[in-house]
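To find a chain, count down the sequence lines: A is the first, B the second, and so on, and within it residues start at 1. Please read these numbers as outputs of a predicted model, since none were measured by experiment. Reckoned from all heavy atoms, side chains included, excluding hydrogens, waters and symmetry mates.
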Number of protein chains: 2
Amino acid sequence: MAIDPLGPASALAPTGHGVERVDTRYLEGLIGYNARRAALAVIEVFLARMAPYGLRPVDFSILSLITHNPGITARQLCATLGVLPPNMVGMVNRFDGRGLIERRPHPRDRRAHGLHLTSEGLALMIEAERTAEQLEKDVAHKLTLAQQQTLMDLLQKIYL
Amino acid sequence: MAIDPLGPASALAPTGHGVERVDTRYLEGLIGYNARRAALAVIEVFLARMAPYGLRPVDFSILSLITHNPGITARQLCATLGVLPPNMVGMVNRFDGRGLIERRPHPRDRRAHGLHLTSEGLALMIEAERTAEQLEKDVAHKLTLAQQQTLMDLLQKIYL
DNA sequence: TATTGTTATACTCTATAACTATA
DNA sequence: TATAGTTATAGAGTATAACAATA
């Protein structure tokens with residue numbers, strides 16, 4: 001596809017009038033653009049709904065992985081989520097300071113710690129995951145359940 | 001869906017062993033997580049392929065909108081892409097300084113400028129959009145063309 | 001020699017307040 | 001009174017280098 005094959009707008013158009021309606025068709029034909037816009041739209045709702053729990057998207061991802069993988073190490077969280085180790089330290093420290101997780105000695109590596117939810121952390125995550133699931137319903141309300149599954153399957157074919 | 005309905009991992013599991021394989025099934029069932037991961041995967045390739053043109057994803061989006069909407073204003077770019085006006089200024093200035101665009105007087109509003117590609121900017125964008133289209137083919141190589149279209153349609157139902 | 005966790009730090013991205021010129 | 005563009009600045013997010021303890 002070449003530059004501007006889509007209708008009247010053209011790089012050589014006369015300059016004597018403004019742009020009435022912005023033509024976004026080119027960008028909307030790119031997977032990366034659509035994925036980024038959809039992610040930002042979901043994140044916007046996420047930030048608002050998770051604010052009562054003090055969880056941003058990455059916080060939720062980390063705590064959810066600890067929830068479903070008790071004993072996971074910081075290094076494993078980094079590898080799974082694409083977070084760099086120096087940036088993980090502060091987040092884990094904050095969860096620890098909030099009493100949501102605890103670091104236990106790792107059974108086979110004295111350099112590492114196994115991360116576990118506290119009972120307070122578990123109580124928070126039960127509510128947070130419930131909120132996340134309601135949020136999914138709301139942001140995807142235009143899609144059937146089958147379409148939602150199709151969407152996730154196709155997205156995973158991009159990034160996995 | 002409640003906490004950890006997915007198999008052996010549990011918040012109450014014994015701590016005597018590390019996590020062998022990280023269980024990501026819960027997160028992979030969330031649309032927001034999948035959209036963000038896919039967007040980041042595409043952006044990673046984008047950054048590498050567009051580096052020769054000195055274009056980051058938002059730069060490309062802006063110049064592409066100017067390409068297909070000659071005379072568009074900075075305010076319209078902000079509204080379309082979700083960029084805040086103070087953050088748009090520097091980008092437009094850099095494009096101007098690089099000789100890629102020019103600001104012409106707006107025909108009906110003396111506060112605004114109509115943004116237009118220069119011939120250098122057009123030459124760059126022809127190459128950049130060609131690169132973007134090849135990039136699409138590569139990151140979506142596991143999907144048929146029909147699946148790619150389905151993916152974009154479903155994503156747009158989330159954010160539009 | 002490589003890896004885990006960590007500190008320090010720099011760079012980029014995003015957000016808020018306030019100003020000017022014009023509508 | 002509202003809007004387009006702009007400046008200054010603060011905050012969040014992401015990046016690299018280097019170190020101690022352990023593998």
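Atom CZ in A:Arg111 sits about 13 Å away from atom P in C:dA2, given to the nearest Å. Rounded to an integer number of Å, the gap from B:Ile43 CD1 to C:dT12 P is 17 Å. A:Met91 has its CE atom 8 Å from the P atom of D:dG13, to the nearest Å. Atom C1' of nucleotide C:dG5 and atom CD1 of A:Ile72 are separated by 15 Å, given to the nearest angstrom. When the P atom of D:dT7 is taken as reference, atom CG of B:Leu84 falls 16 Å away, rounded to whole Å. In this structure, the CE atom of B:Met88 is 15 Å from the C1' atom of C:dA15, given to the nearest Å. Atom-to-atom, CG of B:Asp96 to C1' of D:dT6 comes out at 14 Å; the value is rounded to the nearest Å. We find that CG of B:Leu77 is positioned 16 Å from C1' of D:dT6, with the value rounded to whole Å.
Map A:Val83 and B:Arg103 each onto its nearest nucleotide of DNA chain D; the residue landing nearer the 5' end is B:Arg103. Projected onto DNA chain C by closest heavy-atom contact, A:Leu40 and A:Arg75 fall at different nucleotides, the more 5' of which corresponds to A:Arg75. Mapping A:Pro57 and A:Asp109 onto DNA chain D by nearest heavy atom places A:Pro57 closer to the 5' end of the strand. Each of A:Arg36 and A:Val89 was matched to the nucleotide of DNA chain C holding its nearest heavy atom; the match closer to the 5' end belongs to A:Val89.
A donor N or O paired with an acceptor N or O is not found under 3.5 Å between the base of C:dT22 and the side-chain atoms of B:Arg110.
Between A:Leu115 and the options A:Leu77, A:Thr73, A:Leu65, a side chain to side chain contact (heavy atoms under 4.5 Å, CB included) holds for only A:Leu77.
Nearest to the side chain of B:Asn87, among C:dA15, D:dA23, D:dT14, sits C:dA15. Of the candidate nucleotides D:dT3, D:dA21, C:dG5, C:dG5 has the atom lying nearest to any side-chain atom of A:Thr73. Side chain of B:Pro86, nearest nucleotide from D:dT6, D:dT14, C:dG5: D:dT6. Distances from the side chain of A:His113 to the nucleotides C:dA8, D:dT6, C:dG5 place C:dG5 closest. Comparing D:dG13, D:dA4, C:dG5 by their closest approach to the side chain of A:Arg56 singles out D:dG13.
Between the side chains of A:Arg98 and A:Asn93, not a single donor N or O lies within less than 3.5 Å of an accepting N or O.
B:Asn69 contributes no side-chain N or O that, together with a main-chain N or O of A:Val22, makes up a donor-acceptor pair within less than 3.5 Å.
Residues A:Thr118 and A:Gly121 come closest through the heavy atom pair OG1-N, 2.9 Å.
The aromatic rings of A:Tyr26 and B:Phe60 are tilted relative to each other, their planes meeting at an angle between 30° and 60°.
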